[in-house]
2 protein chains.
Amino acid sequence: MQAALEDPKILSLAAGFTDSSSLPVEAVGRAVRRLEQKPGPPEHLQYGTNQGRPGLRRLLAEFVGGHDGSTVGSIDPDSVIITNGSQQALYLASRVLCEPGDIVLVERPSYFVYLDMLKGLGVDIRSLPESPDGRIDSDGLTSFLDRCRRDGSADRIKIVYIEGYFSNPAGVCRTNDEKREIAEALNASTANPVVIEDAAYRDLYFHHPHPGDSILALSGFESIPCLYLGTLTKPFATGMKVGFGICSHHDWRQRILWLKSHQDFGTANFNQAILEEIVLDGGLEEQTTRLRKNYLGKMEALHEAMIAEGLDSMGWKWTKPQGGLYFWLQAPVGLDTRMDSHFWQACRDEHVLYIPGDLCYGNDAPNDRVRLSFGVLKPDDLARAAARFARASRRIVVPA
Amino acid sequence: MQAALEDPKILSLAAGFTDSSSLPVEAVGRAVRRLEQKPGPPEHLQYGTNQGRPGLRRLLAEFVGGHDGSTVGSIDPDSVIITNGSQQALYLASRVLCEPGDIVLVERPSYFVYLDMLKGLGVDIRSLPESPDGRIDSDGLTSFLDRCRRDGSADRIKIVYIEGYFSNPAGVCRTNDEKREIAEALNASTANPVVIEDAAYRDLYFHHPHPGDSILALSGFESIPCLYLGTLTKPFATGMKVGFGICSHHDWRQRILWLKSHQDFGTANFNQAILEEIVLDGGLEEQTTRLRKNYLGKMEALHEAMIAEGLDSMGWKWTKPQGGLYFWLQAPVGLDTRMDSHFWQACRDEHVLYIPGDLCYGNDAPNDRVRLSFGVLKPDDLARAAARFARASRRIVVPA
């Protein structure tokens with residue numbers, strides 16, 4: 001992958017990076033100047049606290065509470081931890097819970113960096129049962145939990161990890177019913193896992209926010225330790241890397257904070273101060289609105305190019321996402337998309353890069369999925385990349 | 001400690017924070033404006049790489065190489081990893097090496113956050129043997145390593161951790177001979193630990209740089225995996241949190257990078273881009289020069305206040321540091337300085353806070369040491385804090 005990325009002719013549909021031309025230079029400059037002009041010592045350049053700026057934590061509690069209508073005002077700023085991207089919160093929260101051999105339940109497919117992290121922790125990754133239409137199968141989950149009770153492994157189930165909003169890679173959202181059914185199955189079982197909801201793409205919808213509430217607001221989750229993950233900078237300026245976790249459970253939160261104090265004793269206060277200014281002056285919402293239009297346009301451009309290049313008639317299947325940064329494709333029957341497959345090599349020869357879908361599963365990976373990102377490339381390069389992808393595909397797929 | 005910090009009347013000599021009034025607002029503003037004006041997409045607001053900006057890694061290789069005269073040009077930028085403060089590099093490097101029960105050797109005293117981290121990893125913390133004058137005792141180290149060979153624990157010794165420059169808390173520097181003797185003892189033993197040299201305070205000298213070379217430049221360390229830790233922001237603007245590790249060992253470095261990819265997939269690119277500008281335009285050296293004078297003045301102010309308040313005649317002992325942010329004091333005979341001791345309580349009553357020295361040791365802590373920081377407070381507040389500390393001391397010490 002590294003060698004491929006260093007190919008100067010490559011057009012990458014792999015990286016989950018964001019669009020460089022639309023970055024908010026002016027908003028950041030404005031915030032920095034405002035911080036410069038504040039009276040008193042420039043505390044934004046001083047160390048902050050391990051947990052994060054109190055002012056920004058208050059804003060985040062309101063911000064997420066505002067998404068979940070019913071919880072407005074009910075998120076405690078003390079439950080918010082500001083991290084180096086939401087990734088760090090995910091690491092901290094999982095690290096303090098998991099020992100080798102523990103079980104973590106994930107969606108099929110799931111976020112591949114998290115799966116790699118779990119492998120690093122020696123965790124046994126299992127998939128949440130799902131029905132043929134891709135919904136989470138709560139009866140299957142109940143059966144699984146029951147089997148674990150019988151074989152004595154229920155105590156080893158530490159985490160249920162879901163991406164409720166425009167998931168990476170599948171672009172899927174979860175309904176309130178699906179989430180409530182997870183809570184019901186857990187509440188009825190002897191297992192006591194936490195639930196982590198990763199909402200990194202929640203604000204990056206194309207037309208409308210997904211109407212589902214987060215696990216912080218849904219009934220059934222009251223007695224389950226919950227962590228909600230979000231980011232201020234994926235929908236703003238990814239280079240600033242300010243994410244957060246909202247953790248409802250006191251002891252788990254204290255362990256997360258203890259580990260964070262060992263790792264870095266707090267996320268850079270400077271970045272937090274800038275983001276606080278930008279949330280307050282409306283610059284975050286302004287930039288996110290701009291990005292939504294930008295990504296919608298690029299999603300449509302890649303979709304149209306894939307159609308124009310005949311990928312659908314070759315047997316590739318996909319649906320248009322309603323948010324996020326990715327297309328999730330199923331290959332024509334018999335086409336293997338894994339790293340170093342013939343198809344991978346053909347794409348390398350055509351100088352186009354994708355994420356092999358099998359990386360997005362635990363031990364039960366299909367070998368015919370592909371993640372394509374429209375985050376980085378401009379529309380004309382997306383069209384060129386689609387053409388290359390189609391040429392590689394034609395070299396492998398034998399026409400019927 | 002938290003309760004004490006929230007006391008509004010408190011004067012804290014505890015925190016290792018830096019001076020707020022001397023923060024480089026203009027230099028940061030200048031760098032941000034220069035980045036804004038660069039032609040092309042504003043890549044400083046885009047995700048960076050996991051390892052860190054290539055340009056900044058080249059500058060860091062030159063910067064540290066320049067400190068160690070003999071290694072100019074010999075540090076490979078590929079061995080540099082940019083982290084969220086040097087703290088993160090210390091965590092990553094230790095985390096990938098240590099399992100519960102492993103042994104880490106530290107100086108007496110050592111950096112208490114690292115000791116807390118090691119306790120979190122279940123590590124058996126041992127002290128480097130030292131001679132009565134505080135030098136590292138290489139004969140004692142050889143004997144220790146030999147005992148470990150005989151009892152079968154040599155393989156469990158994973159790390160030797162030293163702070164070669166103005167250590168936290170003791171303000172000690174290590175000579176080239178002391179470091180070379182560590183290498184000789186290790187090379188002659190069956191143990192294969194790595195050596196980590198934490199040089200976070202190297203640039204914060206008062207009059208002259210410490211003339212010692214780092215482990216990266218000293219003979220004897222060629223076959224020992226070495227990690228050098230530094231920071232660009234402690235001697236500049238701590239709120240920006242850009243540290244680095246220079247790791248000579250390929251496999252260890254790859255493991256560090258793998259773990260970093262799970263934790264955050266790279267330090268905020270924005271901060272790195274700003275620091276790159278600031279190193280290039282001389283702003284780093286300018287600010288560090290200013291800070292050296294500032295901290296020298298504050299060190300002298302606290303020293304004079306401690307003398308004026310009669311701490312020495314009460315039996316407190318200390319030496320003036322030549323760099324760093326701390327005084328390291330030994331209490332009068334019989335005075336216990338630990339958390340919740342009578343003296344601690346007396347200081348709380350006087351609204352002054354210190355770091356109990358026993359936190360800076362593994363299992364062999366004396367109970368009569370104190371770390372006082374002159375980083376945060378202004379000279380007049382330092383004098384007030386010294387007066388409070390002396391009043392608390394008089395309440396406990398029975399005059400001879």
Side-chain angles (χ1 to χ4, degrees), chain A residues 15-26 28-29 32-33 35-36 40-48 83-85 87-88 90-92 94-95 113-114 116-118 120-121 233 236-243 258-259 261-274 376, chain B residues 15-26 28-29 32-33 35-36 40-48 83-85 87-88 90-92 94-95 113-114 116-118 120-121 233 236-243 258-259 261-274 376:
Chain A
F17 280 30
T18 48
D19 189 85
S20 280
S21 61
S22 60
L23 288 161
V25 181
E26 279 179 39
V28 172
V32 170
R33 280 184 283 281
L35 289 168
E36 279 176 26
E43 59 81 29
H44 62 287
L45 296 176
Q46 177 63 272
Y47 281 124
T83 51
N84 308 316
Q87 179 76 31
Q88 191 197 23
L90 186 55
Y91 176 85
L92 295 167
S94 303
R95 171 74 255 179
V113 177
Y114 187 50
D116 198 49
M117 182 201 303
L118 292 176
L121 296 177
T233 49
F236 182 71
T238 46
M240 301 185 72
K241 213 155 231 179
V242 177
W258 188 56
L259 187 57
S261 78
H262 295 163
Q263 281 186 14
D264 57 29
F265 225 91
T267 293
N269 188 37
F270 177 60
N271 305 40
Q272 295 182 58
I274 294 173
V376 179
Chain B
F17 279 30
T18 49
D19 190 85
S20 279
S21 61
S22 59
L23 288 161
V25 181
E26 279 179 38
V28 172
V32 170
R33 280 184 283 282
L35 289 168
E36 279 176 26
E43 60 81 27
H44 62 287
L45 295 175
Q46 177 62 271
Y47 281 125
T83 50
N84 307 318
Q87 180 75 30
Q88 191 197 22
L90 186 56
Y91 176 85
L92 294 168
S94 303
R95 172 73 255 179
V113 177
Y114 188 49
D116 197 50
M117 182 200 305
L118 293 175
L121 296 177
T233 49
F236 181 71
T238 46
M240 302 184 71
K241 213 155 230 179
V242 177
W258 187 57
L259 187 57
S261 78
H262 294 163
Q263 280 187 14
D264 57 29
F265 225 92
T267 294
N269 188 38
F270 177 60
N271 305 40
Q272 296 182 56
I274 293 173
V376 179

Report task. Check ring-ring contact (aromatic ring centres under 6.0 Å, His included) between Y91(B) and all other residues, then give those that pass, not counting sequence neighbours. Result ->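 So Y91(B) forms no ring-ring contact (aromatic ring centres under 6.0 Å, His included) with any residue.
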Query - ring-ring contact (aromatic ring centres under 6.0 Å, His included) partners for H262(B), two or more places apart - result: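 H262(B): ring-ring contact (aromatic ring centres under 6.0 Å, His included) contacts with W258(B).
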Query raised in the report: Roughly how far, to the nearest 0.5 Å, is CE of M240(A) from CD of Q46(B)?
Result: 13.5 Å
Query - Distance in Å, R95(B) CZ paired with L90(B) CG, rounded so as to fall on 0.5 Å steps - result: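 Between R95(B) CZ and L90(B) CG, I get 13.0 Å after rounding to 0.5 Å.
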Query raised in the report: Between A237(A) and L23(A), which heavy-atom pair has the shortest distance, and what is it?
Result: CA-CD2, 3.9 Å
Requested in this report: Considering non-hydrogen atoms only, spot the tightest contact between D264(A) and N84(A) and give its length.
Outcome: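 Heavy-atom minimum between the residues: OD2-ND2, 2.7 Å.
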Which atoms of [X] come close to chain B, meaning under 4.5 Å heavy atom to heavy atom: side chain ones, backbone ones, both, or neither?
X	result
L35(A)	neither
L118(A)	neither
V32(A)	side chain

Most contacts with chain A, counted as non-hydrogen pairs under 4.5 angstrom, among [options]:
options	value
V113(B), D116(B), V28(B)	D116(B)
V25(B), T83(B), N269(B)	V25(B)
G266(B), S94(B), A273(B), A15(B)	G266(B)

Chain B contacts, top residue of [options] (heavy-atom pairs, under 4.5 Å):
options	value
Q88(A), K241(A), Q263(A)	Q263(A)
P42(A), S261(A), G243(A), G85(A)	P42(A)
S20(A), P41(A), G48(A)	S20(A)

Report task. Examine whether an atom of L92(B) lies under 4.5 Å from a heavy atom of chain A, and if so say whether it belongs to the side chain, the backbone or both; otherwise answer neither. Result -> neither
**Report entry** Heavy-atom contact with chain A under 4.5 Å, split by part of L121(B)
**Finding:** neither
Query raised in the report: Do NZ/NE/NH1/NH2 and the carboxylate oxygens of E36(B) and R33(A) come within less than 4.0 Å?
Result: yes
Report task. Could you go through the side-chain contact (heavy atoms from CB on, under 4.5 Å) check for T238(B) and T233(B) one step at a time? Result -> CA-CA 5 Å; T238(B) 46; T233(B) 49; 5.6 Å; no
